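We name chains A, B, ... by the order of the sequence lines, and we start the count at 1 in each one. The shown structure was predicted, so the numbers you read here are calculated from the model rather than taken from an experiment.
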Amino acid sequence: MKKIKSGRQPNRSRAGDVGVAIVLCIFGAFFAFPLVYAINAAFKPLNELFIYPPKLFVRQPTTDNFSDLFLLLNKQGVVTFTRYMFNSIFVTTVGTVGHIMIASAAAYVLAKYRFPGSRTFFAAVTVALMFTGYVTQIPGYLIMAKLGLTNTYLSLIIPAFAMPMGLFLMKQFIESSIPDVLIEAAKIDGAKELKVYISIVLPLVKPAILTLMIFSIQALWNNAGTTYIYRDELKMLPFALQTIGAGGVARTGAASAATLFMMILPLLCFILAQSNIVETMASSGIKE
Amino acid sequence: MSIANWKASKKRQAHFLWKDIKDHSTCYLFLLPYAIVFTLFFIAPVIVSICYSFTYFNVLQPARFIGFQNYINLILADDIFLTAVKNTFLIAAITGPIGYIMAFIFAWLIHELPRSIRAIAVLVFYAPTISGQVYLIWSIIFSGDAYGYFNSYMVEWGFLDNPVLWLTDPRYMLVIVIVVQLWLSLGAGFLSFIAGLNTIPADQYEAGYVDGIRNRWQELWYITLPNMKSMLMFGAVMAISQSFNTADVSMNLCGFPSTDYAAHTVVTHLIDYGSYRFEMGYASAVATVLFAVMYLCNKFIQRFLMRLGT
């Protein structure tokens, strides 16, 4: 048997590695395009935004667009920019933490136990992913109003707790990556269900938790909140930025700065989460 | 079997069911918070809107029951719905499978990269999804006048004599919607594949090496794919719901309604009825039909994925 060379994965040819790199570079350029475009557009002076023939890269970068944006945001009305910022950050944080806790607890029992109703419930969750959200808006609003939740942060936070995608992803993960013997062993050692869930299941599905976090932050951060909230001081950041963009051609510069501004938080969280996902691999080897 | 016997066995069954439920009381406790929120905000609205599909409901007046009339009109009297169905099937049949396979292949290729640059590579490929509304730049790229990037370069390089109206000419619209939709397809499924690939224990690959697996393709087929089965199922549901629900791309790039309804999809059709013509009952019927199609499609794909790697 050939010895496995250290530092290199076995079963990999050099030519194959190069091929992979080339394919990824070509397609990468195609997919990275919006990011490159958004970053460049945000720093373009107005004359470069409308130049003919259009150019992708900025030639004389300027931060004018950002100063325009904050100027516009501050004189927009009674509600200050920082209030919108607070609303969005608060809702995103609480919603994401709650979603991860509630969805993963439910996913754990659905993945590891068969009890009356468990299959039906899980089927309902996957099926709920397929119903067009558009026609459920009116019944959804009526339910919110009956519960007295309109015009509160809770109208955005609570539904986020039960996003079907999160439970589905988590259940699939727990099912495939946690062996039953591990849970049984912990129980024989005297661990209660809650203890098993917190100190065995959760640490082992860290990649899934981080992925869930990305989905949830993306959904909540981009929510303008205008469906259930009509008091201006409770609306979210995207609402404030949309009103800037709606100002027409003269606001093009500020609007492209706003686009980039909205992307900063999800991007940071994304990079943080992804580098953690990649790192967890080495530590998750379970011996059966 | 006598009646008394039958009653006794029923009673015993009920007793067992009750015992089963009691034995799993902790499970129900874990599930409870999610179940309450999910039922209230996800299941109930779906059921109510399915009920609306049997009514005439214009949002302003109370709904009036009309039986299957909406469904009958939908199939027999609505020509535009047929166009929408045709377009949606075309979009779904192309972007669904290709997007799904693409998501897996790229996730797998990225996983082959050295660990240090993987996070950046994931970011690059996920960029279209994370940047939200940025797909709107395609409307600048394919803009019909000479200011559009695509027209501008094509004219400059001599491939075209005159700018082409990419987004308003029925011959090209659907193709562009499909391209943009494909570009957007590395979403939730892709990220779950990335996360899933990271949980396959390394010793399985080592064991495979010892057992005679000699290249990365064999490794993919015998070790990676069977281990990824549950992620692949998740990705399939995501791909189905994304490809059948195509609407935003079509509305924002090709206009709403689009020229000759050339980029009209089932969802843009129901948006048309729901929010412009105030026929929510009819829109709900469209949604219910779409839902049924997606459900069947999902059943079929899950059955296929079950057999993977065996």
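- For Ile217(A), no part sits under 4.5 Å from any heavy atom of chain B, backbone or side chain.
- When the candidates Ala195(B), Pro114(B), Ser241(B) are compared by the number of heavy-atom contacts under 4.5 Å with chain A, Ala195(B) comes out ahead.
- At a cut-off of 3.5 Å, with distance as the only test, no side-chain donor of Ser177(A) or Thr199(B) sits close to an acceptor on the other residue.
- No part of Ala121(B) comes within reach of chain A, as not one of its non-hydrogen atoms sits under 4.5 angstrom from that chain.
- Top candidate by heavy-atom pairs under 4.5 Å with chain A, chosen from Leu191(B), Val237(B), Val286(B), is Leu191(B).
- For Leu129(A), the parts lying under 4.5 angstrom from a heavy atom of chain B are both the backbone and the side chain.
- Contacts with chain A were tallied for Val124(B), Ile47(B), Val48(B); Val124(B) has the most, counting heavy-atom pairs under 4.5 Å.
- At a 4.5 Å heavy-atom cutoff, the contact between Leu290(B) and chain A is made by side-chain atoms alone.
- For Thr211(A), the part sitting under 4.5 Å from any heavy atom of chain B is the side chain, from C-beta outward, and nothing else.
- Proximity to chain A (any heavy atom under 4.5 Å) is shown, for Ser53(B), by neither the backbone nor the side chain.
- With a threshold of 4.5 angstrom between heavy atoms, Met228(B) does not approach chain A through any atom at all.
- With a 4.5 Å cut-off on non-hydrogen atoms, Ile117(B) does not touch chain A at all.
- Heavy atoms of Gln218(A) lying under 4.5 Å from chain B belong exclusively to its side chain.
- Among the candidates Tyr295(B), Trp138(B), Tyr126(B), the residue making the largest number of heavy-atom pairs closer than 4.5 Å to chain A is Tyr126(B).
- With a 4.5 angstrom heavy-atom cutoff, Phe234(B) touches chain A via backbone and side-chain atoms both.
- Counting heavy atoms from C-beta on, the side chains of Phe291(B) and Val127(A) come closer than 4.5 Å.
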Evaluate the criterion side chain to side chain contact (heavy atoms under 4.5 Å, CB included) for residue pair Phe41(B) and Met144(A); output intermediate values, then yes/no. CA-CA 8 Å; Phe41(B) 298 107; Met144(A) 276 298 171; 3.3 Å; yes
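- There is no contact between Phe244(B) and chain A, counting heavy-atom distances below 4.5 Å.
- Nearest heavy atom pair, residue Ser176(A) against residue Ser230(B), reads CB-OG, 3.0 Å.
- Aromatic ring pairs are classed by plane angle as parallel below 30°, tilted from 30° to 60° and perpendicular above 60°; the pair Phe30(B) and Tyr197(A) is perpendicular.
- A 4.5 Å side-chain heavy-atom check between Tyr28(B) and Pro116(A) finds at least one atom pair inside the cut-off.
- If you measure heavy-atom distances from Val266(B) to chain A, you find no contacts under 4.5 Å at all.
- Looking at Asn298(B), only its side chain comes within 4.5 Å of chain A, counting heavy atoms on both sides.
- Using a 4.5 Å cut-off between heavy atoms, Met165(A) touches chain B through backbone and side chain atoms alike.
- Ring geometry, Tyr34(B) versus Phe121(A): the interplanar angle exceeds 60°, so the pair is classed perpendicular (tilted spans 30 to 60°).
- The minimum heavy-atom distance between Leu147(A) and Leu40(B), with the atom names listed, is CD1-CD1, 4.0 Å.
- When heavy atoms are compared at a cutoff of 4.5 Å, Leu186(B) approaches chain A solely by way of its side chain, counted from C-beta outward.
- Of the listed residues (Thr26(B), Leu123(B), Asn245(B)), the one with the most heavy-atom contacts under 4.5 Å to chain A is Leu123(B).
- By number of non-hydrogen pairs under 4.5 angstrom with chain B, the leading residue of Val23(A), Val205(A), Leu167(A) is Leu167(A).
- Residues Ile102(A) and Val37(B) fail the side-chain proximity criterion, which asks for heavy atoms closer than 4.5 Å.
- In terms of non-hydrogen atom pairs under 4.5 Å with chain A, the most contact-rich of Pro128(B), Ala283(B), Gly274(B) is Pro128(B).
- At a 4.5 Å heavy-atom cutoff, the contact between Leu110(A) and chain B is made by side-chain atoms alone.
- Residue contact with chain A, scored on non-hydrogen atoms closer than 4.5 Å, is absent for Leu29(B).
- Using a 4.5 Å cut-off between heavy atoms, Leu270(B) touches chain A through backbone and side chain atoms alike.
- Listed options Ala208(A), Gly28(A), Ala41(A), Gly140(A) were ranked by heavy-atom pairs under 4.5 angstrom with chain B; first place goes to Gly28(A).
- Only the side chain of Met280(B) comes within contact range of chain A, with at least one heavy atom under 4.5 Å from a heavy atom of that chain.
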Please step through salt bridge (charged side-chain N to carboxylate O under 4.0 Å, His left out) for the pair Asp17(A) and Arg216(B), ending with a clear verdict. CA-CA 10 Å; Asp17(A) 284 348; Arg216(B) 63 182 97 207; 3.0 Å; yes
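- Only the side chain of Phe215(A) has a heavy atom closer than 4.5 Å to any heavy atom of chain B.
- Enclosure of atom CZ in Phe30(A) by more than 12 non-hydrogen atoms of other residues, nucleotides or ligands within 6.0 angstrom is indicated.
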